[in-house]
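Below you'll find the structure, written out as structure tokens, and then a few comments.
Protein chains get the first letters and strands the later ones, always in sequence-line order, with residue 1 at the start of each.
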Number of protein chains: 2
Amino acid sequence: MPDFAEPLARLITELKRLPGIGQKSAQRIAFHLLRAAREEAGQLSAAILDVKEKLAQCRVCNNICENDLCPYCRDPNRDPKVVCVVEEPNDIVGIETTRQYSGRYHVLDGALSPLRGIGPDSLKIKSLVDRIGQGEIQEVIVATNPTVEGEATAMYLARLLKPLGVRVTRIAMGVPVGSGLEFADEVTLQKAMEGRREM
Amino acid sequence: MPDFAEPLARLITELKRLPGIGQKSAQRIAFHLLRAAREEAGQLSAAILDVKEKLAQCRVCNNICENDLCPYCRDPNRDPKVVCVVEEPNDIVGIETTRQYSGRYHVLDGALSPLRGIGPDSLKIKSLVDRIGQGEIQEVIVATNPTVEGEATAMYLARLLKPLGVRVTRIAMGVPVGSGLEFADEVTLQKAMEGRREM
């Protein structure tokens with residue numbers, strides 16, 4: 001690599017640790033910050049520290065929040081009988097953009113992955129069982145990712161939770177809306193066929 | 001948009017100001033930083049401030065450097081008779097990765113863009129003319145971007161510098177190596193045809 005001045009090289013190294021940021025993007029961002037107003041760089045730098053300082057996990061659902069309870073657990077208009085289980089707090093953002101879901105959430109903080117040493121005890125599964133034990137929850141929608149780990153987690157949860165007397169459902173997998181069949185891989189197409197519905 | 005806790009919303013806003021970072025990438029990075037070790041976030045935050053504090057422009061070529069002179073202006077083995085003119089310091093990085101160029105550089109800090117109010121006086125053109133006036137430079141390679149602004153800047157420089165008795169050349173435009181003709185747009189193909197060479 002060419003000679004970067006040391007502070008620049010260090011910033012590029014730090015940026016490359018972020019998800020989705022490779023060498024080229026890191027360079028672009030670093031040079032952007034170099035040219036940006038001191039105020040902009042200062043605000044970004046401070047904002048990074050602030051999320052570490054000021055945010056915590058909701059004591060009920062493990063979503064990220066500033067207070068003891070996240071907005072969804074606090075909102076009396078959200079249906080307490082339905083709980084959507086997701087891997088990460090960011091997944092809640094995606095589901096909320098649909099504006100169709102009005103139940104509560106539960107964040108697992110990951111998915112089962114024996115290869116990476118992540119077993120049931122590493123995830124927030126016990127607190128989910130405790131929530132169900134309180135008797136109000138009737139349906140658990142498992143919205144873990146459609147990956148090997150997410151599927152394994154979904155299977156595990158179904159086996160664990162059904163005996164507790166709740167309905168356990170899994171979000172549909174199939175061809176994404178707006179895309180063409182030609183772009184879908186064979187596993188997705190298989191899921192789409194399996195999940196077909198009467199018209 | 002869903003409710004993000006305020007510090008998180010602010011970090012996402014700041015991240016979206018970076019080049020190539022949209023809403024989704026900003027969310028991913030913000031949630032990553034939220035989960036990352038406090039040390040990693042602290043290092044990134046500090047590195048951002050450091051590039052603003054510790055780096056300056058080379059007094060000869062306007063490249064970014066820690067000292068008064070950048071490594072290329074300081075290196076006695078670089079040919080002082082050839083100067084490659086680029087828009088941004090980051091462009092030097094690209095040219096250096098070729099390991100074929102051993103001359104000096106000159107960073108314009110942008111390109112001519114009348115629409116955005118960027119005229120010759122906004123760019124580091126006068127210092128380039130001064131450098132040529134010292135008599136050592138024989139060739140100026142104009143390596144501004146193959147865009148409307150970059151082309152306009154190249155034309156302007158050619159008209160300005162040729163009367164000073166230096167050779168002014170422009171980097172070749174054509175089909176990128178490793179790509180297929182089917183992916184090239186018509187202007188690129190036209191440039192590739194115009195710039196054809198004997199085999």
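Counting non-hydrogen atoms of other residues, nucleotides and ligands closer than 6.0 Å to CZ of R170(B) gives a total above 12. For R10(B), the CZ atom is densely surrounded, since the number of other residues' heavy atoms within 6.0 Å is greater than 12. Residue-environment remark: CZ (R74(A)) exceeds the threshold of 12 foreign heavy atoms within 6.0 Å.
V148(B) and M155(B) sit in two unconnected hydrophobic clusters of ILVMFWY residues. Membership requires side-chain heavy atoms under 4.5 Å apart, directly or through other members. V142(A) and V82(A) are assigned to two separate hydrophobic clusters, defined by single-linkage of ILVMFWY side chains at heavy-atom distances under 4.5 Å. Put simply, I171(B) and V168(B) are part of two different groups of oily side chains (I, L, V, M, F, W, Y) that touch within less than 4.5 Å, one to the next. Cluster membership check: V60(B) does not share its hydrophobic cluster with V85(B), using side-chain heavy-atom separations under 4.5 Å among Ile, Leu, Val, Met, Phe, Trp and Tyr. The hydrophobic cluster containing V166(A) also contains L108(A), counting ILVMFWY residues as joined when their side-chain heavy atoms lie under 4.5 angstrom apart, directly or transitively.
Only the side chain of L55(A) comes within contact range of chain B, with heavy atoms under 4.5 Å apart. At a 4.5 Å heavy-atom cutoff, I12(B) makes no contact with chain A through either its backbone or its side chain. For a residue to count as touching a neighbouring chain, one of its non-hydrogen atoms must lie under 4.5 Å from one of that chain's; by this rule A9(A) does not touch chain B. Heavy-atom distances place the side chain of I21(A), and not its backbone, under 4.5 Å from chain B. With a 4.5 angstrom heavy-atom cutoff, A56(B) does not touch chain A via any of its atoms.
Distance CD1/I48(B) to CG/L44(A): 4.0 Å, rounded to 0.5 Å. Taking CZ from R17(A) and CD from E40(B), the interatomic distance works out to 4.0 Å, rounded to the nearest 0.5 Å. Once rounded to the nearest 0.5 Å, the distance linking CG of L33(B) with CG of D50(A) reads 12.5 Å. To the nearest 0.5 Å, atoms CG (L11(B)) and CD (Q43(A)) are separated by 12.0 Å. Atom-to-atom distance recorded for L8(A):CG and K54(B):NZ is 12.5 Å, nearest 0.5 angstrom. In this structure, E66(A) CD and F4(B) CZ are separated by 13.0 Å, a value rounded to the nearest 0.5 Å.
No option in V51(B), N90(B), D91(B) other than N90(B) meets the side-chain contact (heavy atoms from CB on, under 4.5 Å) test with F31(A).
Of the residues considered (I29(A), I95(A), T13(A)), I29(A) shows the highest number of contacts with chain B, using heavy-atom pairs under 4.5 Å.
The heavy-atom pair separating P19(B) from H32(A) by the smallest distance is CD-CG, 3.3 Å. Scanning both residues, S45(B) and A46(A), for their nearest heavy atoms gives OG-N, 4.5 Å.
A salt bridge links R35(B) with E88(A): at least one charged nitrogen is closer than 4.0 Å to a carboxylate oxygen.
K52(B) contributes a side-chain N or O that, together with a main-chain N or O of L34(A), makes up a donor-acceptor pair within less than 3.5 Å.
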Verdict with reasoning, R38(B) to E53(A), per salt bridge (Lys or Arg N to Asp or Glu O under 4.0 Å): CA-CA 9 Å; R38(B) 193 173 292 259; E53(A) 298 293 334; 3.0 Å; yes
